[in-house]
Each structure stands twice: as structure tokens, then as C-alpha cells.
There are 2 protein chains.
Amino acid sequence: MALKTTKQPSRSEIQLPVVLHALGDPIRLEILRQIDAEDKKECGTFNLEMPKSSLSHHFRVLREAGVIGTRPNGTALINWLRTDDLDDLFPGLLSSVLQGIRKPSKRSPAKRNRRARLQPKSLL
Amino acid sequence: MALKTTKQPSRSEIQLPVVLHALGDPIRLEILRQIDAEDKKECGTFNLEMPKSSLSHHFRVLREAGVIGTRPNGTALINWLRTDDLDDLFPGLLSSVLQGIRKPSKRSPAKRNRRARLQPKSLL
DNA sequence: CTTATTGTTCGACAATTCTCGAACAATATA
DNA sequence: TATATTGTTCGAGAATTGTCGAACAATAAG
């Protein structure tokens with residue numbers, strides 16, 4: 001993978017709207033939940049039913065928002081939550097989000113496969 | 001205005017991803033900041049440079065996410081933060097977001113007028 | 001009843017985001 | 001060197017979101 005994959009914003013570059021936007025997606029929240037459950041996690045080990053390119057897209061959004069950090073480990077990439085940075089910048093935000101996604105609830109699966117809904121327009 | 005404008009999700013219908021998504025926009029965060037500063041606020045009194053229809057769009061997103069409540073007051077509409085509901089569902093979330101947007105920072109103005117960037121393709 | 005005020009909705013258009021197959025790229029292994 | 005593994009990027013297409021003028025709608029005032 002490219003070295004630029006591990007490039008991430010410094011603490012001072014992290015912006016609240018961007019962080020909230022990155023978190024405003026059920027799939028990315030599930031990624032957060034799984035990382036939080038293991039402290040750090042390799043890309044290939046997430047329990048998410050979707051193509052690699054889709055997952056890469058979401059990892060990139062989280063990384064560029066400054067929510068996760070990434071570093072290589074051989075051919076794999078390890079992700080972790082930037083808890084210290086986020087707690088320093090927005091005290092209480094990350095913990096309340098994590099608490100909110102740990103709750104047992106009737107939420108739909110984190111998978112949001114839009115393409116699955118595709119069908120020829122003639123059927124509409 | 002229509003009665004359905006004041007229709008909003010009940011506490012049990014509020015979902016974290018939708019709330020975070022609604023907050024992941026600088027204009028809507030500024031709306032929150034101004035409501036928070038005055039406890040409740042009429043639509044027409046916000047210090048935001050944008051057409052009414054654009055503002056209505058953002059009010060609708062915040063309302064449907066369950067972040068704000070709305071009720072009519074003559075021809076005007078009054079908005080307030082659903083602090084009790086949000087604190088009960090996601091303790092600490094709202095206060096940390098509000099703390100994050102109160103900070104004096106070099107953030108760009110809340111106005112994000114995309115159309116202002118429009119220009120004939122021939123100039124590109 | 002007419003006019004004013006506030007705010008919404010409609011519809012069109014632009015911008016952004018999401019999805020994913022295929023190709024690419026870095027590292028590790030044989 | 002060739003192959004395997006992991007993950008990215010590209011590019012196309014679809015879906016979603018944002019913007020805003022014009023028209024609409026409810027309430028209030030004259």
C-alpha cells in the first residue's frame with residue numbers, strides 16, 4: 001500500500017464538522033465499534049460484508065477526519081482510534097459516541113449496500 | 001407554514017448516525033451555536049447569509065434528526081435544542097459538540113455557498 | 001377581504017458521497 | 001525472480017445532499 005495511506009491530519013488540523021460528518025454513517029460507526037472492542041485492528045479483520053474498495057473508502061474518510069490513525073504492519077494496515085487527540089479537542093465526544101453504539105438496540109445492520117438496490121429503470 | 005413543520009421524531013425514533021450526520025455540516029453547527037446562545041430562537045432571527053429556502057432545508061434536517069424541536073408562534077417558528085432527549089439518549093454528546101463550536105478558532109464562516117463557485121464550464 | 005410576514009415546498013441543477021470491479025502498488029514469502 | 005497477500009486508487013455510475021428562485025401556505029394585521 002502507499003505510504004500516503006498512513007498520512008493523517010495533525011491534532012490541530014482536526015475539525016469538528018469533519019469528524020461529525022465522518023461519524024454520521026452507520027458503516028463507519030460499526031468500524032469504530034469494532035476498533036474500540038479490540039483497541040486496534042487490521043483492515044482485513046473487520047466483520048463487514050462489503051468489497052475491499054468500499055472499506056478502503058470508509059477507512060480513508062475516518063483517517064482524513066482524524067478519527068483513526070493507521071500504520072503498516074507488513075502488507076496489513078493497523079487502525080486505532082485517536083482517542084487522546086479527540087478527547088483533548090472534543091472532551092466527551094468520542095466516549096458518548098462509543099457508548100451510543102454499544103447499546104443493544106434494534107438498529108439495522110451496519111451494511112448499507114446501495115448497489116444492491118439497483119435495478120433497471122424499466123422495472124420502476 | 002404547514003403543520004407538519006412541527007412534526008418531529010419521538011425520543012425513541014432518534015438515531016445516533018442520523019444525529020451525527022445532521023451535525024456534520026458547518027452551517028447546521030452554526031445554527032446550533034446560535035440556538036444554544038439564546039435557549040430558543042425564531043427562524044428569521046439567525047445571523048446567516050443565505051436564502052430562506054436554504055435555511056429551511058437545514059432546519060428540516062436538524063428537526064428530522066431530532067436535534068431541534070419546532071413550534072409555531074404566529075407566522076414565525078421557534079426552534080430549541082432537544083437537550084433533554086439528546087442527553088438522555090447520548091449523554092455528553094450535545095454538550096461536547098456545543099463546547100467544540102464555542103471554542104474561538106480559525107474556522108471558516110459557517111456559510112457554505114456552493115452556488116457561489118458556479119461558473120460556465122467553458123471557463124474551466 | 002386584502003396585504004404583509006414568515007417559512008415551506010417544488011423542481012431544477014450542481015456538488016458530494018457511496019459503491020464496486022478492475023488495475024495497481026507495497027510488503028512478504030517461496 | 002515469481003507469487004501471494006493486503007489494501008489503495010481509478011473511473012464509472014448511482015444515490016444523496018446542498019443550493020436557491022419561484023410558488024405556495026398559514027398566520028397576523030390592516
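All heavy atoms count here, side chains included; hydrogens, waters and symmetry mates do not. Naming: A, B, ... by sequence-line order, numbering from 1 per chain.
- Distance A:Arg60 CZ to C:dC20 P: 16 Å, rounded to the nearest Å.
- Going from atom CG of A:Leu77 over to atom P of D:dT5 covers 17 Å, rounded to whole Å.
- What you find for B:Gln34 and B:Phe46 is that their closest heavy atoms are OE1-CA, 3.5 Å.
- Both A:Asn73 and A:Gly24 lie close to DNA chain C; mapped to their nearest nucleotides by heavy-atom distance, the more 5′-ward contact belongs to A:Gly24.
- Per the geometry, NE2 belonging to B:His58 stands 8 Å off C1' belonging to D:dT19, to the nearest Å.
- Rounded to an integer number of Å, the gap from B:Glu64 CD to C:dT9 P is 8 Å.
- The side chain of A:His21 places no N or O atom within less than 4.0 Å of a non-bridging phosphate oxygen (OP1 or OP2) of D:dT17.
- Going from atom NZ of B:Lys41 over to atom P of C:dG7 covers 11 Å, rounded to whole Å.
- What separates CG of B:Asp25 from C1' of D:dG18 is a distance of 8 Å, to the nearest Å.
- Distances were taken from every side-chain heavy atom of B:Ser54 (C-beta onward) to each of D:dT6, C:dT6, D:dC20; the shortest belongs to D:dC20.
- Between the side chain of B:Asn79 and the main chain of B:Thr70, no donor-acceptor pair closer than 3.5 Å is present.
- The listed nucleotides are D:dC20, D:dG7, C:dC20; the one nearest the side chain of B:Met50 is D:dC20.
- The distance between atom CD of A:Glu49 and atom C1' of C:dT19, rounded to the nearest whole Å, is 15 Å.
- For A:Ser53 against C:dG21, a side-chain N or O and a base N or O form a donor-acceptor pair under 3.5 Å.
- Closest of all the heavy-atom pairs between A:Ile31 and A:His58 is CD1-CB, 3.8 Å.
- Checked by atom type and distance alone, the side chain of B:Glu30 never pairs as donor or acceptor with a backbone atom of B:Ile27 at under 3.5 Å.
- When distances are taken from the side chain of A:His57 to each of C:dT19, C:dG7, D:dG7, the shortest belongs to C:dT19.
- Looking only at atom types and distance, the side chain of A:Ser10 has a donor-acceptor partner in the side chain of A:Glu13 under 3.5 Å away.
- Side chain of B:Thr75, nearest nucleotide from C:dT19, D:dA28, C:dA28: D:dA28.
- Listed nucleotides: D:dG7, C:dG7, C:dT27. Nearest to the side chain of B:Cys43: C:dG7.
- Rounding to whole angstrom units, CD1 of residue B:Ile78 and P of D:dA26 are separated by 20 Å.
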